[in-house]
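Here the structure comes first, spelled out in C-alpha coordinates, and everything after it is commentary.
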Amino acid sequence: MKDEKQRKIIHVDMDAFFAQIEQRDHPAYKNKPLIVGGPSNRGVISTASYEARKFGLHSGMPLSKAKRLCPDGIYIPVDMEKYIQESRKIKKIFSDFTPLSESVGCDEAFLDVTGCENLFGSALEIAKKIKGRIYEETNLTSSAGIAPNKFLAKLASSINKPNGLTCLDNTEEVMQKVRQLPISYIWGVGRVTGEELSKMGIKTIGDIAIMPFELIKKKFGENGEAIHRMANGIDNRPVVASSEPKSIGRETTYETDTDHLGVIKATLLSLAQRISKNLMDTQYKAKTITLKIRYSDFKTASARITLDAYISSSFGIYRACVSLIDRFDLEKKKVRLVGISTSNLVSDMENDCSLFKEEDKQENLSKAMYEISKKFGDKKLAIAETVKKFEEYKKKK
Ligand code: TTP
Ligand code: MG
(Lines give C-alpha, C1' and ligand atoms only; values in the text may rest on other atoms or scores of the structure.)
(Ligands and ions follow the chains in the order given, each with its own letter.)
Protein backbone atom coordinates (compact mmCIF):
# COMPACT_ATOMS: atom_id res chain seq x y z
CA MET A 1 0.00 0.00 0.00
CA LYS A 2 1.21 3.45 -0.89
CA ASP A 3 1.76 6.21 1.62
CA GLU A 4 -1.60 7.82 2.43
CA LYS A 5 -0.56 11.15 0.89
CA GLN A 6 0.29 9.53 -2.39
CA ARG A 7 -2.84 7.44 -2.81
CA LYS A 8 -5.50 8.49 -5.28
CA ILE A 9 -8.79 6.82 -4.49
CA ILE A 10 -11.99 7.37 -6.46
CA HIS A 11 -15.37 6.28 -5.13
CA VAL A 12 -18.16 6.08 -7.68
CA ASP A 13 -21.79 5.59 -6.68
CA MET A 14 -24.78 5.62 -9.01
CA ASP A 15 -27.55 8.10 -8.19
CA ALA A 16 -30.84 6.57 -6.99
CA PHE A 17 -29.76 3.53 -8.97
CA PHE A 18 -32.92 1.41 -9.42
CA ALA A 19 -35.18 4.46 -9.66
CA GLN A 20 -32.97 6.21 -12.19
CA ILE A 21 -32.98 3.16 -14.45
CA GLU A 22 -36.78 3.05 -14.34
CA GLN A 23 -37.03 6.78 -15.01
CA ARG A 24 -34.71 6.35 -17.98
CA ASP A 25 -36.86 3.52 -19.35
CA HIS A 26 -40.25 5.12 -18.69
CA PRO A 27 -40.50 8.77 -19.69
CA ALA A 28 -43.75 8.98 -17.70
CA TYR A 29 -41.74 8.49 -14.48
CA LYS A 30 -39.25 11.30 -15.24
CA ASN A 31 -39.08 14.09 -12.65
CA LYS A 32 -41.76 12.30 -10.58
CA PRO A 33 -41.55 10.81 -7.09
CA LEU A 34 -40.82 7.20 -8.02
CA ILE A 35 -40.54 4.49 -5.42
CA VAL A 36 -39.02 1.12 -6.25
CA GLY A 37 -39.75 -1.69 -3.84
CA GLY A 38 -42.17 -4.44 -3.31
CA PRO A 39 -43.28 -7.62 -1.71
CA SER A 40 -40.12 -9.54 -2.66
CA ASN A 41 -38.28 -6.97 -0.58
CA ARG A 42 -40.60 -7.57 2.40
CA GLY A 43 -42.65 -4.46 1.75
CA VAL A 44 -39.93 -1.87 2.13
CA ILE A 45 -38.49 0.73 -0.22
CA SER A 46 -35.46 -0.42 -2.21
CA THR A 47 -34.84 3.10 -3.37
CA ALA A 48 -36.70 6.34 -3.97
CA SER A 49 -36.03 8.85 -6.74
CA TYR A 50 -34.62 12.20 -5.61
CA GLU A 51 -38.07 13.71 -6.22
CA ALA A 52 -39.54 11.20 -3.73
CA ARG A 53 -36.79 11.84 -1.17
CA LYS A 54 -38.15 15.37 -0.76
CA PHE A 55 -41.12 13.74 0.99
CA GLY A 56 -38.76 12.09 3.48
CA LEU A 57 -38.75 8.71 1.73
CA HIS A 58 -35.62 6.55 1.85
CA SER A 59 -34.38 3.00 1.35
CA GLY A 60 -35.59 0.57 3.98
CA MET A 61 -38.72 2.56 4.87
CA PRO A 62 -41.90 0.42 4.98
CA LEU A 63 -44.02 1.02 1.89
CA SER A 64 -47.06 1.58 4.09
CA LYS A 65 -45.35 4.57 5.71
CA ALA A 66 -44.10 5.81 2.33
CA LYS A 67 -47.63 5.78 0.96
CA ARG A 68 -48.78 7.93 3.86
CA LEU A 69 -45.97 10.43 3.34
CA CYS A 70 -46.19 10.45 -0.44
CA PRO A 71 -49.61 9.21 -1.54
CA ASP A 72 -49.20 10.53 -5.09
CA GLY A 73 -45.89 8.79 -5.69
CA ILE A 74 -45.50 6.15 -8.37
CA TYR A 75 -44.87 2.77 -6.75
CA ILE A 76 -43.27 0.03 -8.83
CA PRO A 77 -41.75 -3.39 -8.07
CA VAL A 78 -38.06 -4.27 -8.29
CA ASP A 79 -36.83 -5.59 -11.67
CA MET A 80 -33.51 -6.98 -10.50
CA GLU A 81 -32.55 -8.66 -13.76
CA LYS A 82 -32.57 -5.28 -15.45
CA TYR A 83 -30.52 -3.60 -12.73
CA ILE A 84 -27.91 -6.37 -12.82
CA GLN A 85 -27.35 -5.77 -16.53
CA GLU A 86 -26.62 -2.12 -15.80
CA SER A 87 -24.48 -3.01 -12.79
CA ARG A 88 -22.34 -5.23 -15.01
CA LYS A 89 -21.84 -2.48 -17.60
CA ILE A 90 -20.67 -0.11 -14.87
CA LYS A 91 -18.27 -2.61 -13.33
CA LYS A 92 -16.81 -3.26 -16.76
CA ILE A 93 -16.13 0.47 -17.18
CA PHE A 94 -14.32 0.58 -13.81
CA SER A 95 -12.12 -2.33 -14.80
CA ASP A 96 -11.15 -0.51 -18.01
CA PHE A 97 -9.47 2.16 -15.87
CA THR A 98 -7.77 0.13 -13.16
CA PRO A 99 -7.40 -3.48 -12.07
CA LEU A 100 -7.69 -2.18 -8.51
CA SER A 101 -11.45 -1.80 -8.44
CA GLU A 102 -13.38 -2.94 -5.37
CA SER A 103 -17.13 -3.40 -5.69
CA VAL A 104 -19.15 -2.45 -2.65
CA GLY A 105 -22.68 -3.23 -3.64
CA CYS A 106 -24.36 -3.29 -6.99
CA ASP A 107 -23.88 0.38 -7.83
CA GLU A 108 -20.67 1.54 -6.21
CA ALA A 109 -16.97 0.86 -6.18
CA PHE A 110 -13.64 2.14 -4.95
CA LEU A 111 -10.89 2.52 -7.51
CA ASP A 112 -7.25 2.99 -6.61
CA VAL A 113 -5.88 4.98 -9.53
CA THR A 114 -2.52 5.78 -7.94
CA GLY A 115 0.04 5.72 -10.71
CA CYS A 116 -2.56 5.68 -13.51
CA GLU A 117 -1.91 9.36 -14.33
CA ASN A 118 0.34 8.62 -17.27
CA LEU A 119 -2.33 6.49 -18.87
CA PHE A 120 -5.53 8.40 -18.21
CA GLY A 121 -4.60 11.74 -16.65
CA SER A 122 -5.07 12.99 -13.08
CA ALA A 123 -7.47 11.30 -10.65
CA LEU A 124 -9.96 14.10 -11.28
CA GLU A 125 -9.72 13.59 -15.04
CA ILE A 126 -10.15 9.83 -14.58
CA ALA A 127 -13.24 10.37 -12.43
CA LYS A 128 -14.68 12.67 -15.11
CA LYS A 129 -13.93 10.11 -17.80
CA ILE A 130 -15.57 7.33 -15.79
CA LYS A 131 -18.70 9.41 -15.19
CA GLY A 132 -18.73 10.28 -18.89
CA ARG A 133 -18.40 6.68 -20.02
CA ILE A 134 -21.12 5.56 -17.61
CA TYR A 135 -23.43 8.21 -19.00
CA GLU A 136 -22.55 7.39 -22.61
CA GLU A 137 -23.08 3.68 -22.17
CA THR A 138 -26.05 3.60 -19.79
CA ASN A 139 -27.61 7.03 -19.93
CA LEU A 140 -27.38 7.16 -16.14
CA THR A 141 -25.74 9.69 -13.85
CA SER A 142 -23.33 8.82 -11.09
CA SER A 143 -21.47 10.69 -8.37
CA ALA A 144 -17.74 10.44 -7.81
CA GLY A 145 -15.46 11.38 -4.97
CA ILE A 146 -11.69 11.68 -5.13
CA ALA A 147 -9.52 11.55 -2.01
CA PRO A 148 -6.35 10.06 -0.56
CA ASN A 149 -8.32 7.38 1.32
CA LYS A 150 -11.53 5.36 1.16
CA PHE A 151 -13.36 7.17 3.95
CA LEU A 152 -12.88 10.60 2.40
CA ALA A 153 -13.54 9.31 -1.12
CA LYS A 154 -16.91 7.85 -0.09
CA LEU A 155 -17.75 10.98 1.81
CA ALA A 156 -16.78 13.05 -1.24
CA SER A 157 -19.05 11.09 -3.58
CA SER A 158 -22.00 11.42 -1.22
CA ILE A 159 -21.94 15.13 -0.46
CA ASN A 160 -22.81 16.50 -3.89
CA LYS A 161 -25.33 13.96 -5.10
CA PRO A 162 -26.83 13.58 -7.67
CA ASN A 163 -24.33 13.86 -10.54
CA GLY A 164 -21.60 15.14 -8.23
CA LEU A 165 -17.84 15.25 -8.62
CA THR A 166 -15.97 16.22 -5.46
CA CYS A 167 -12.33 16.18 -4.39
CA LEU A 168 -11.48 16.02 -0.69
CA ASP A 169 -7.91 16.20 0.48
CA ASN A 170 -7.15 15.54 4.09
CA THR A 171 -6.01 19.12 4.55
CA GLU A 172 -6.94 21.06 7.67
CA GLU A 173 -9.34 23.19 5.60
CA VAL A 174 -11.28 20.12 4.41
CA MET A 175 -11.18 18.44 7.79
CA GLN A 176 -12.73 21.52 9.39
CA LYS A 177 -15.81 21.01 7.21
CA VAL A 178 -15.78 17.25 7.71
CA ARG A 179 -15.76 17.69 11.47
CA GLN A 180 -19.09 19.50 11.29
CA LEU A 181 -20.86 16.53 9.69
CA PRO A 182 -23.00 14.14 11.75
CA ILE A 183 -21.31 10.92 12.88
CA SER A 184 -23.57 8.88 10.59
CA TYR A 185 -21.27 9.95 7.75
CA ILE A 186 -18.60 7.68 9.18
CA TRP A 187 -18.50 4.17 7.90
CA GLY A 188 -19.17 1.63 10.58
CA VAL A 189 -21.43 3.95 12.53
CA GLY A 190 -24.73 2.17 12.18
CA ARG A 191 -27.89 2.72 14.19
CA VAL A 192 -26.66 0.97 17.34
CA THR A 193 -23.21 2.59 17.50
CA GLY A 194 -24.81 5.90 16.54
CA GLU A 195 -27.21 5.69 19.49
CA GLU A 196 -24.41 4.73 21.89
CA LEU A 197 -22.26 7.64 20.71
CA SER A 198 -25.18 9.98 20.93
CA LYS A 199 -25.74 8.93 24.57
CA MET A 200 -22.14 9.97 25.20
CA GLY A 201 -23.00 13.40 23.78
CA ILE A 202 -21.18 12.72 20.53
CA LYS A 203 -23.09 14.10 17.57
CA THR A 204 -20.58 15.24 14.97
CA ILE A 205 -17.42 13.83 13.44
CA GLY A 206 -15.54 16.60 15.24
CA ASP A 207 -16.98 15.44 18.61
CA ILE A 208 -15.53 12.00 18.10
CA ALA A 209 -12.21 13.28 16.74
CA ILE A 210 -11.42 15.03 20.01
CA MET A 211 -12.40 12.09 22.23
CA PRO A 212 -9.45 10.17 23.70
CA PHE A 213 -8.58 7.32 21.32
CA GLU A 214 -8.27 4.81 24.17
CA LEU A 215 -11.77 5.58 25.43
CA ILE A 216 -13.40 4.98 22.06
CA LYS A 217 -11.28 1.86 21.58
CA LYS A 218 -12.31 0.52 24.98
CA LYS A 219 -15.98 1.15 24.34
CA PHE A 220 -16.27 0.03 20.71
CA GLY A 221 -13.26 -2.22 20.17
CA GLU A 222 -11.69 -2.45 16.72
CA ASN A 223 -14.64 -0.68 15.15
CA GLY A 224 -14.08 2.18 17.59
CA GLU A 225 -10.42 2.44 16.61
CA ALA A 226 -11.37 2.73 12.93
CA ILE A 227 -14.12 5.26 13.66
CA HIS A 228 -11.77 7.43 15.67
CA ARG A 229 -9.12 7.34 12.96
CA MET A 230 -11.63 8.20 10.23
CA ALA A 231 -12.94 11.10 12.32
CA ASN A 232 -9.37 12.39 12.11
CA GLY A 233 -9.23 11.84 8.36
CA ILE A 234 -7.05 8.74 8.61
CA ASP A 235 -8.01 5.55 6.81
CA ASN A 236 -5.30 3.17 5.70
CA ARG A 237 -7.53 0.45 4.32
CA PRO A 238 -6.33 -0.63 0.92
CA VAL A 239 -8.59 -0.97 -2.11
CA VAL A 240 -8.88 -4.70 -2.59
CA ALA A 241 -9.66 -5.76 -6.15
CA SER A 242 -12.89 -7.72 -6.28
CA SER A 243 -12.25 -10.97 -8.00
CA GLU A 244 -15.28 -12.61 -9.47
CA PRO A 245 -15.12 -16.33 -10.12
CA LYS A 246 -16.29 -17.16 -13.63
CA SER A 247 -17.60 -20.56 -12.64
CA ILE A 248 -17.90 -23.01 -9.77
CA GLY A 249 -17.92 -26.71 -10.56
CA ARG A 250 -17.12 -30.25 -9.46
CA GLU A 251 -16.49 -33.54 -11.22
CA THR A 252 -16.15 -37.21 -10.35
CA THR A 253 -14.44 -40.05 -12.14
CA TYR A 254 -15.95 -43.49 -11.52
CA GLU A 255 -13.75 -46.32 -10.36
CA THR A 256 -15.65 -48.49 -12.83
CA ASP A 257 -17.34 -46.98 -15.91
CA THR A 258 -21.10 -47.06 -15.62
CA ASP A 259 -24.20 -46.93 -17.81
CA HIS A 260 -26.62 -47.01 -14.90
CA LEU A 261 -28.84 -43.94 -15.11
CA GLY A 262 -29.71 -44.15 -11.42
CA VAL A 263 -26.05 -44.08 -10.48
CA ILE A 264 -25.36 -41.14 -12.80
CA LYS A 265 -28.29 -39.24 -11.32
CA ALA A 266 -27.09 -39.99 -7.80
CA THR A 267 -23.66 -38.65 -8.75
CA LEU A 268 -25.28 -35.54 -10.14
CA LEU A 269 -27.19 -34.98 -6.93
CA SER A 270 -24.06 -35.42 -4.87
CA LEU A 271 -22.06 -33.04 -7.11
CA ALA A 272 -24.95 -30.57 -7.03
CA GLN A 273 -24.91 -30.64 -3.22
CA ARG A 274 -21.20 -29.91 -3.12
CA ILE A 275 -21.49 -27.09 -5.65
CA SER A 276 -24.48 -25.67 -3.80
CA LYS A 277 -22.45 -25.58 -0.59
CA ASN A 278 -19.59 -23.88 -2.39
CA LEU A 279 -21.94 -21.30 -3.92
CA MET A 280 -23.50 -20.58 -0.55
CA ASP A 281 -20.10 -20.41 1.19
CA THR A 282 -18.93 -17.83 -1.29
CA GLN A 283 -22.38 -16.21 -1.54
CA TYR A 284 -22.88 -16.65 -5.22
CA LYS A 285 -25.81 -17.77 -7.34
CA ALA A 286 -25.66 -19.17 -10.85
CA LYS A 287 -27.83 -18.96 -13.90
CA THR A 288 -26.08 -21.31 -16.33
CA ILE A 289 -25.57 -24.97 -15.52
CA THR A 290 -23.26 -27.11 -17.68
CA LEU A 291 -23.21 -30.87 -17.56
CA LYS A 292 -20.09 -32.62 -18.78
CA ILE A 293 -19.80 -36.32 -19.44
CA ARG A 294 -16.67 -38.21 -20.44
CA TYR A 295 -17.38 -41.58 -21.99
CA SER A 296 -15.27 -44.69 -21.55
CA ASP A 297 -13.62 -43.94 -24.92
CA PHE A 298 -12.40 -40.66 -23.34
CA LYS A 299 -14.54 -38.57 -25.67
CA THR A 300 -16.12 -35.69 -23.77
CA ALA A 301 -19.45 -34.03 -24.40
CA SER A 302 -21.18 -31.19 -22.64
CA ALA A 303 -24.55 -29.47 -22.64
CA ARG A 304 -25.70 -26.36 -20.88
CA ILE A 305 -28.88 -24.64 -19.86
CA THR A 306 -29.43 -21.03 -18.85
CA LEU A 307 -32.25 -20.77 -16.36
CA ASP A 308 -34.75 -17.97 -15.86
CA ALA A 309 -33.55 -17.29 -12.33
CA TYR A 310 -30.30 -17.34 -10.37
CA ILE A 311 -30.07 -20.37 -8.11
CA SER A 312 -27.76 -21.92 -5.55
CA SER A 313 -29.84 -24.87 -4.31
CA SER A 314 -28.68 -28.42 -4.89
CA PHE A 315 -32.21 -29.28 -6.08
CA GLY A 316 -32.14 -26.55 -8.69
CA ILE A 317 -28.71 -27.54 -9.99
CA TYR A 318 -29.68 -31.22 -10.01
CA ARG A 319 -32.95 -30.56 -11.82
CA ALA A 320 -31.14 -28.53 -14.48
CA CYS A 321 -28.67 -31.37 -15.05
CA VAL A 322 -31.41 -33.98 -15.30
CA SER A 323 -33.09 -31.83 -17.96
CA LEU A 324 -29.86 -32.07 -19.99
CA ILE A 325 -29.29 -35.80 -19.68
CA ASP A 326 -31.23 -36.74 -22.82
CA ARG A 327 -28.70 -34.84 -24.89
CA PHE A 328 -26.01 -37.43 -24.12
CA ASP A 329 -25.34 -40.79 -25.66
CA LEU A 330 -25.97 -42.87 -22.58
CA GLU A 331 -27.70 -45.74 -24.36
CA LYS A 332 -24.63 -46.84 -26.29
CA LYS A 333 -21.69 -45.67 -24.22
CA LYS A 334 -20.51 -46.14 -20.67
CA VAL A 335 -19.61 -43.12 -18.60
CA ARG A 336 -16.21 -42.55 -17.06
CA LEU A 337 -16.59 -39.05 -15.61
CA VAL A 338 -19.46 -36.73 -14.73
CA GLY A 339 -18.98 -33.04 -14.05
CA ILE A 340 -21.20 -30.07 -13.33
CA SER A 341 -20.18 -26.48 -13.70
CA THR A 342 -22.23 -23.45 -12.73
CA SER A 343 -21.52 -20.12 -14.38
CA ASN A 344 -23.11 -16.76 -15.13
CA LEU A 345 -22.68 -16.03 -11.45
CA VAL A 346 -23.98 -13.14 -9.40
CA SER A 347 -22.50 -12.27 -6.07
CA ASP A 348 -23.48 -11.16 -2.67
CA MET A 349 -23.28 -7.53 -3.74
CA GLU A 350 -26.31 -8.10 -5.91
CA ASN A 351 -27.81 -10.06 -3.06
CA ASP A 352 -27.47 -6.84 -1.06
CA CYS A 353 -29.88 -5.34 -3.48
CA SER A 354 -32.49 -7.97 -2.56
CA LEU A 355 -31.97 -9.84 -5.78
CA PHE A 356 -33.17 -13.17 -4.66
CA LYS A 357 -36.84 -13.59 -4.31
CA GLU A 358 -37.56 -15.21 -1.01
CA GLU A 359 -40.55 -17.12 -2.35
CA ASP A 360 -38.55 -19.90 -3.94
CA LYS A 361 -39.18 -22.76 -1.53
CA GLN A 362 -36.36 -24.96 -2.76
CA GLU A 363 -33.86 -22.16 -2.57
CA ASN A 364 -35.06 -21.50 0.97
CA LEU A 365 -34.92 -25.13 1.96
CA SER A 366 -31.44 -25.41 0.54
CA LYS A 367 -30.37 -22.34 2.45
CA ALA A 368 -31.88 -23.74 5.66
CA MET A 369 -30.04 -27.05 5.13
CA TYR A 370 -26.85 -25.13 4.52
CA GLU A 371 -27.26 -23.24 7.78
CA ILE A 372 -27.93 -26.49 9.68
CA SER A 373 -24.93 -28.22 8.14
CA LYS A 374 -22.77 -25.23 9.02
CA LYS A 375 -23.84 -25.67 12.64
CA PHE A 376 -23.85 -29.44 13.00
CA GLY A 377 -21.55 -30.67 10.24
CA ASP A 378 -22.21 -31.97 6.73
CA LYS A 379 -22.76 -35.62 7.52
CA LYS A 380 -25.95 -35.08 9.51
CA LEU A 381 -27.75 -33.94 6.41
CA ALA A 382 -28.00 -35.90 3.24
CA ILE A 383 -30.80 -35.90 0.79
CA ALA A 384 -32.72 -39.16 1.12
CA GLU A 385 -32.64 -39.74 -2.63
CA THR A 386 -28.84 -39.57 -2.79
CA VAL A 387 -28.48 -42.04 0.03
CA LYS A 388 -30.95 -44.43 -1.59
CA LYS A 389 -29.29 -44.23 -5.00
CA PHE A 390 -25.82 -44.80 -3.56
CA GLU A 391 -27.03 -47.78 -1.58
CA GLU A 392 -28.50 -49.26 -4.77
CA TYR A 393 -25.20 -48.63 -6.52
CA LYS A 394 -23.15 -50.26 -3.77
CA LYS A 395 -25.42 -53.33 -3.80
CA LYS A 396 -25.02 -53.60 -7.58
CA LYS A 397 -21.24 -53.49 -7.28
P1 TTP B 1 -27.55 3.09 -2.76
O2 TTP B 1 -26.36 3.44 -3.59
O3 TTP B 1 -27.41 3.06 -1.28
O4 TTP B 1 -28.75 4.08 -3.08
P5 TTP B 1 -29.19 4.71 -4.45
O6 TTP B 1 -28.23 4.44 -5.55
O7 TTP B 1 -30.60 4.32 -4.73
O8 TTP B 1 -29.20 6.25 -4.11
P9 TTP B 1 -27.95 7.24 -3.89
O10 TTP B 1 -28.07 8.27 -4.96
O11 TTP B 1 -28.15 7.78 -2.52
O12 TTP B 1 -26.70 6.40 -4.01
O13 TTP B 1 -28.07 1.66 -3.20
C14 TTP B 1 -28.02 1.21 -4.53
C15 TTP B 1 -29.25 0.40 -4.85
O16 TTP B 1 -29.33 -0.70 -3.96
C17 TTP B 1 -30.54 1.15 -4.70
O18 TTP B 1 -30.89 1.86 -5.90
C19 TTP B 1 -31.51 0.07 -4.37
C20 TTP B 1 -30.69 -0.97 -3.66
N21 TTP B 1 -30.93 -0.91 -2.21
C22 TTP B 1 -31.91 -1.75 -1.66
O23 TTP B 1 -32.53 -2.53 -2.37
N24 TTP B 1 -32.15 -1.66 -0.32
C25 TTP B 1 -31.48 -0.80 0.50
O26 TTP B 1 -31.75 -0.75 1.72
C27 TTP B 1 -30.47 0.04 -0.07
C28 TTP B 1 -29.71 1.02 0.80
C29 TTP B 1 -30.23 -0.04 -1.41
MG1 MG C 1 -26.15 4.72 -5.27
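These numbers come from a predicted model, not from an experiment.
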Does the [X] side chain pair with the main chain of [Y], one donor and one acceptor, at a distance under 3.5 Å?
X: S276; Y: S312; result: yes
X: H260; Y: G262; result: yes
X: S101; Y: T98; result: no
X: Y83; Y: D79; result: yes
X: N232; Y: I234; result: no
X: D15; Y: N163; result: yes
X: S242; Y: S103; result: yes
X: S59; Y: S46; result: yes
X: S143; Y: G164; result: yes
X: Y295; Y: D329; result: yes

(message) Out of the candidates T253, D257, T252, I293, only one should pair with L337 under the side chain to side chain contact (heavy atoms under 4.5 Å, CB included) rule; please name it.
(response) T253

(request) Have a look at S142 and tell me which of D13, I134, I90 forms a side chain to side chain contact (heavy atoms under 4.5 Å, CB included) with it. (result) I134

Please check if any side-chain donor atom of [X] sits under 3.5 Å from a side-chain acceptor atom of [Y], or the reverse.
X: N344; Y: T288; answer: yes
X: T267; Y: Y254; answer: yes
X: D112; Y: T114; answer: yes
X: S49; Y: E51; answer: yes
X: Y50; Y: Q23; answer: no

Counting only heavy atoms not in [X], do more than 12 fall under 6.0 Å of its [atom1]?
X: E173; atom1: CD; answer: no
X: K65; atom1: NZ; answer: no
X: R304; atom1: CZ; answer: no
X: K299; atom1: NZ; answer: no

(request) Please name all residues satisfying ring pair (Phe, Tyr, Trp, His ring centres under 6.0 Å) with Y135, sequence neighbours left out, ordered by chain then number. (result) none

(request) Sequence neighbours left out, what passes ring pair (Phe, Tyr, Trp, His ring centres under 6.0 Å) with F97? Give chain and number order. (result)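 F97 satisfies ring pair (Phe, Tyr, Trp, His ring centres under 6.0 Å) with F120 once adjacent residues are dropped.
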
(request) Please identify each residue that fulfils salt bridge (charged side-chain N to carboxylate O under 4.0 Å, His left out) with R53, with sequence neighbours left out. (result)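 Testing R53 for salt bridge (charged side-chain N to carboxylate O under 4.0 Å, His left out), a comparison that skips the adjacent residues, returns none.
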
(message) Once salt bridge (charged side-chain N to carboxylate O under 4.0 Å, His left out) is applied, do any residues pair with D72, and if so which ones, sequence neighbours excluded?
(response) none

(request) Check the pair V12 / S157 against side-chain contact (heavy atoms from CB on, under 4.5 Å), numbers first and verdict last. (result) CA-CA 7 Å; V12 186; S157 76; over 6 Å; no

Check whether [X] and [Y] end up in the same hydrophobic cluster, where Ile, Leu, Val, Met, Phe, Trp and Tyr are linked by side-chain heavy atoms less than 4.5 Å apart.
X: L119; Y: I130; answer: yes
X: L140; Y: V36; answer: yes
X: I275; Y: V322; answer: yes
X: V178; Y: I202; answer: yes

(message) For I311 and I289: C-alpha separation, side-chain torsions, deciding distance, then whether side-chain contact (heavy atoms from CB on, under 4.5 Å) applies.
(response) CA-CA 10 Å; I311 59 163; I289 316 294; 4.2 Å; yes

Which pairs, with at least one residue in [range] and sequence neighbours excluded, count as a ring-ring contact (aromatic ring centres under 6.0 Å, His included)?
range: residues 146-190; answer: F110-W187
range: residues 218-246; answer: F213-H228
range: residues 55-78; answer: none

(request) Determine the sole option in K334, K332, K333 for which the salt bridge (Lys or Arg N to Asp or Glu O under 4.0 Å) test with D297 is passed. (result)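 One option only clears the test, and that one is K333.
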
For [X], all residues meeting side chain to side chain donor-acceptor pair (under 3.5 Å), sequence neighbours excluded:
X: R68; answer: none
X: T300; answer: R294
X: N223; answer: none
X: K89; answer: E86

(request) Would you check, one step at a time, whether the test side-chain contact (heavy atoms from CB on, under 4.5 Å) holds for E125 with E117? (result) CA-CA 9 Å; E125 280 160 22; E117 291 87 348; over 6 Å; no

(message) One thing to verify: whether K91 and E108 come together as a salt bridge, which I'm taking to mean a side-chain N less than 4.0 angstrom from a carboxylate O.
(response)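 No, this pair does not count.
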
(request) State the NZ-CD distance between K82 and E22, to the nearest 0.5 angstrom. (result)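 CD of E22 is found 3.5 Å from NZ of K82.
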
(request) Mind running salt bridge (Lys or Arg N to Asp or Glu O under 4.0 Å) on E214 and K218 for me, showing each step along the way? (result) CA-CA 6 Å; E214 288 304 324; K218 201 168 159 211; over 6 Å; no

(request) Begin from the C-alpha positions of S323 and I305 and carry the test side-chain contact (heavy atoms from CB on, under 4.5 Å) through to its verdict. (result) CA-CA 9 Å; S323 78; I305 180 170; 3.8 Å; yes

(message) Can you pull out every salt bridge (charged side-chain N to carboxylate O under 4.0 Å, His left out) where at least one residue sits in residues 184-194? Sequence neighbours excluded, please.
(response) R191-E195

